[in-house]
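Take a look at the structure below.
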Amino acid sequence: MEKGLVSIDRWNEGSQAYFLTHLHDDHTAGLSAAWRRGPLFCSPVTASLLPFRFRGFDVSLIRVIEVGATRALDLVSPASGAPVRVLVTAIDAHHCPGALMYLFHGTFGWVLYTGDFRWELSSERSQLAKRMLLDVLQGNTIDVLYMDNTYCNPSFSFPPREVATKQVIDIIVMHPDHDIVIAIGNLGKEELLVNISKALNIKIRVWPERLRTMHLLGYKDVFTTNTSLTRVRAIPRYSFTFETIDGLNQMRPTIGIMPSGLPWLLDTSKNTTLYTSLKSHQSEASPDLLQDMPHVRKLKHNAYCVPYSEHSCFSEIAQFIKVLQPSNISGIVSSTYIYINPRYYFSRVDRYLSDKSCESSKSGKSEVDKMGSSSGCKPSWQVRKEWKIKYVSLTSSGHVRRVSGLPRARRGAKIEASDSVSSS
DNA sequence: GCGATCAGCT
DNA sequence: CACAGCTGATCGC
């Protein structure tokens, strides 16, 4: 797609139409109440939250697009001045509330930008979204897939949210005399809390700002700020530390639950914060009550990490790729130090669909060399902050544009835009 | 003094 | 280290 036509989750450069996938902070950098570069497309839910997040935002800029709807954009080629028609269809991403994927179609071909997404294999909602996507494609091939590659590594394996929800409920039930604190962010994990509320017939306590978000999302009787109504409380993730949980335990017996696809562990050096070990994030054998809860980690005597993720795990990503068979793939998340070029796995994605995991990639050294890693299917755990290019705009060549503005020479090899996109 | 951006941290 | 996001420093206006 030609540059200067549309931007997705990018707000600092000139385009004729802007698309917001969802309202997490790392997708809204550059958006503010003062922003008014052009029309902003988003889901109805995102539209209802946007003026709350950015108070004073010019709502006349908002263009609501419903899941399954297709919009025609009549744009103008910045290069030639010729009219350009772009069709865009919104697809349910089932990430946080209001999260969308955008499928673009025009003379440039078909481009799918997933944003962050979780499509569980068994989920009805995902099946519906998949059918919608395939219906619109009508057998056409996606030319470029910009994809949420957060957990794009075979070592990331966790169950559907339904299972993780049951695990959280079980932990709560097994501690009938404890207060429970669950770490959440400003948006996301609502379904988890609602299902806890339903299963245990209790309200969930949240902080005041979060209650307003819940009301905007349409939850009426589930949440409260009243301290005396419930023993289950959601707290901001940044305040979920062992220090906090220990402090709460000075008052009342309290269990902390961290719902996350990341493998959190105790930071033994500080003893106050959580720590994630990326070298050993297979679930360790856990005593007693965790016997039937694969992937649940006991962080400390009074805290658990439950694998509730709003990003697809690797097998789900692999399935996604297998269904779509795109010509080119580009990861949209590269700020994670576990980033690996999606092409490495997706070019041989079939072998991962049978859950053979790491074994199969030990076969050829040449594959290892191609990948630029020294350890087979293991991720290359390099820390390269300058690889932050999560937000892209689509250009004529389909290349990923960098945000950071670092010299080309400093780019990480694995995220080289042309490397990801132009070959297949 | 303000917003935008970034470093540092969780 | 960071799914996402807070705090505080710094820069430009």
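Convention: sequence-line order gives letters A, B, ...; per-chain numbering from 1.
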Q: Take atom CH2 of A:Trp11 and atom C1' of B:dA4, then tell me their distance rounded to the nearest Å.
A: 17 Å
Q. More than 12 heavy atoms of other residues, nucleotides or ligands under 6.0 Å from CZ of A:Arg125: is that the case?
A. yes
Q: Provide, to the nearest angstrom, the distance between the CZ atom belonging to A:Arg237 and the P atom belonging to C:dT7.
A: 14 Å
Q) Given A:Asp9 and A:Thr21, is the side chain to side chain donor-acceptor pair (under 3.5 Å) satisfied, shown in steps? A) CA-CA 7 Å; A:Asp9 293 350; A:Thr21 59; 2.6 Å; yes
**Q.** Interatomic distance where NE2 belongs to A:His27 and P belongs to C:dG5 [whole Å]
**A.** 9 Å
Q: Mind running side chain to side chain donor-acceptor pair (under 3.5 Å) on A:Asn302 and A:His178 for me, showing each step along the way?
A: CA-CA 10 Å; A:Asn302 51 12; A:His178 282 72; over 6 Å; no
Q) To the nearest angstrom, how far is A:Tyr238 atom OH from B:dC9 atom P? A) 18 Å
Q | Atom pair distance, as rounded to whole Å: CD in A:Glu13 and P in B:dT5 | A | 13 Å
Q: Can you tell me the distance, in whole Å, between the CD1 atom of A:Ile235 and the P atom of B:dT10?
A: 16 Å
Q) Below 4.0 angstrom, N of the basic side chain to O of the carboxylate: do A:Arg210 and A:Glu190 qualify? A) yes
Q | Whole-Å gap separating P (C:dC6) and CZ (A:Phe240) | A | 17 Å
**Q.** Of the listed nucleotides B:dT5, B:dA4, C:dA4, the one nearest the side chain of A:Ser32
**A.** B:dA4
Q | C:dA4 OP1/OP2 closer than 4.0 Å to side-chain N/O of A:His95 | A | yes
Q) What nucleotide among B:dA4, B:dT10, C:dA4 has an atom nearest to a side-chain atom of A:Ala34? A) B:dA4
**Q.** Spacing between A:Arg10 atom CZ and B:dT5 atom P, to the nearest angstrom
**A.** 11 Å
Q. Would one find a side-chain N or O of A:Asn186 under 4.0 angstrom from OP1 or OP2 of C:dC6?
A. yes
Q.
Considering every strand and a 4.0 Å limit on heavy-atom distances, what is the contact class for A:Ser309: base, sugar-phosphate, or nothing?
A. nothing
